[in-house]
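FYI, the numbering just counts along the sequence from 1. Indexing begins at 1, ligand by ligand and atom by atom, following the structure's order. If you're wondering where the values come from, they're calculated on a predicted model, not measured in any experiment.
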Amino acid sequence: MVKTIKVLAISGSLRQKSSNTALMHAIVGLARENMVFTIYNGLGDLPHFNPDLDVDDGPVSVLELRSQLNEADAVLICTPEYGNGVPGVLKNALDWLVSSGQFMNKPTAVVTASPTPMGGDKAHDSILLTLNMINARIVEEGTMMIPHINLKLNNEGVITDVLTKRGLISLLESLVRACS
Ligand code: FNR
């Protein structure tokens with residue numbers, strides 16, 4: 001029997017019309033039947049990271065994030081770049097996870113998408129540094145930078161660029177391989 005893989009998908013953008021959130025949903029649509037996705041939607045509700053608040057179970061929203069990660073076999077992150085770095089809300093979420101260990105050995109794929117020609121390269125490098133620090137297992141072929149996202153994802157959230165679509169399918173396959 002084929003194992004079902006539970007993936008927690010996180011977009012690093014809070015924007016209603018976020019290209020990264022749309023991309024994340026498009027990636028979910030490319031997945032095989034043996035992948036089940038939960039979309040994490042609590043990024044904007046997390047308090048600013050403060051170790052003083054991280055006592056007992058910590059704040060409820062943090063507990064929820066940690067428990068969704070505990071439930072997941074793998075994680076997919078899609079994020080933009082802001083100010084040459086990882087969006088503050090996403091870095092904030094990762095800061096809450098440094099000491100609690102949910103990313104330890106967790107198969108993880110990271111996509112940065114940007115309308116610029118660089119594809120969010122600085123955010124990409126930066127988030128990988130943080131994920132490595134918290135011992136996430138960044139899967140082989142599980143990272144992708146997508147420049148000119150506005151030319152590759154249409155207004156209906158469909159990936160129109162063949163190479164991008166192919167790359168994302170292979171990224172999902174890498175995630176599956178890492179979980180089996
Ligand atoms: C940006 N954007 C941007 N892009 C980039 O590649 N590097 C950067 O440093 C920045 N910095 C930045 C700062 C500010 C204030 C804004 C408003 C925008 C562009 C940004 O990545 C773009 O708007 C994305 O479309 C945002 O992602 P979502 O919300 O579409 O997923």
Side-chain angles (χ1 to χ4, degrees), residues 7-31 35-49 61-62 64-65 68-69 72 74-98 102-103 106-134 136 138-139 141-172 174-175:
V7 183
L8 187 66
I10 304 173
S11 167
S13 175
L14 299 181
R15 221 161 58 83
Q16 191 81 38
K17 293 192 171 168
S18 161
S19 51
N20 280 276
T21 303
L23 178 68
M24 177 184 73
H25 286 286
I27 296 172
V28 171
L30 296 176
M35 298 183 92
V36 175
F37 287 81
T38 299
I39 307 292
Y40 176 66
N41 57 18
L43 207 62
D45 300 328
L46 295 170
H48 294 160
F49 175 62
S61 54
V62 174
E64 179 60 23
L65 169 63
Q68 288 196 29
L69 280 162
V75 178
L76 167 70
I77 295 174
C78 295
T79 184
E81 175 174 287
Y82 279 127
N84 279 353
V86 177
V89 283
L90 181 56
K91 179 60 166 62
N92 184 51
L94 296 178
D95 286 345
W96 279 109
L97 303 166
V98 170
Q102 281 73 25
F103 264 100
K106 187 82 76 185
T108 301
V110 179
V111 179
T112 52
S114 170
T116 71
M118 299 306 288
D121 58 327
K122 295 172 200 77
H124 199 85
D125 291 349
S126 177
I127 197 170
L128 290 180
L129 274 179
T130 304
L131 288 168
N132 278 315
M133 190 270 172
I134 55 179
I138 308 297
V139 303
E141 296 177 61
T143 62
M144 197 166 161
M145 282 182 278
I146 307 180
H148 300 300
I149 184 65
N150 48 320
L151 305 177
K152 295 171 180 171
L153 186 72
N154 70 16
N155 289 338
E156 281 73 49
V158 176
I159 300 162
T160 51
D161 182 67
V162 175
L163 288 180
T164 302
K165 192 170 171 180
R166 204 176 290 162
L168 289 167
I169 289 170
S170 98
L171 177 138
L172 286 173
S174 304
L175 216 45

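For atom 15 (C) of ligand 1, the nearest protein heavy atom is 4.0 Å or more away. Within the 4.0 angstrom cut-off, atom 23 (O) of ligand 1 has no protein heavy-atom neighbours.
Residue contacts with ligand 1 for E81 involve both N, CA, C or O and side-chain atoms from C-beta outward (heavy atoms, distance under 4.0 Å). When heavy-atom distances to ligand 1 are checked against a 4.0 Å cut-off, P115 comes that close only through its side chain, counted from C-beta outward. Proximity of S18 to ligand 1, defined as any heavy-atom pair under 4.0 Å, is shared by backbone and side chain alike. The part of S13 lying near ligand 1 is the side chain, judged by heavy-atom distances below 4.0 Å.
Geometrically, ligand 1 and N84 share a nitrogen or oxygen pair separated by less than 3.5 Å. At under 3.5 Å, a nitrogen or oxygen of N20, whether backbone or side chain, sits near a nitrogen or oxygen of ligand 1.
You'll find the side chain of L171 reaches within 4.5 Å of the side chain of L76, heavy atoms only. You'll find the side chain of I159 reaches within 4.5 Å of the side chain of L23, heavy atoms only. Side-chain contact between I138 and L128 is present, with heavy atoms from C-beta onward closer than 4.5 Å. Side-chain contact between S13 and P87 is absent, with no heavy atoms from C-beta onward closer than 4.5 Å. Under the 4.5 Å side-chain criterion, counting only non-hydrogen atoms from C-beta, T112 is not in contact with E81. Looking at L94 and I127, their side chains come closer than 4.5 Å, going by heavy atoms from C-beta outward. Side chains of Q102 and L65 form no contact here, defined as non-hydrogen atoms less than 4.5 Å apart.
With sequence neighbours left out, K91 forms a salt bridge (Lys or Arg N to Asp or Glu O under 4.0 Å) with D95.
Counting protein heavy atoms only, atom 27 (O) of ligand 1 is closest to P80 CB, 3.1 Å. Counting protein heavy atoms only, atom 18 (C) of ligand 1 is closest to Y82 CE2, 3.4 Å.
Interface atoms of ligand 1 facing S114, defined by a heavy-atom separation under 4.0 Å, are 4 (N), 5 (C), 6 (O). Close contacts of ligand 1 with G83, meaning ligand atoms under 4.0 Å from a residue heavy atom, involve 8 (C), 9 (O), 10 (C), 11 (N), 12 (C), 13 (C).
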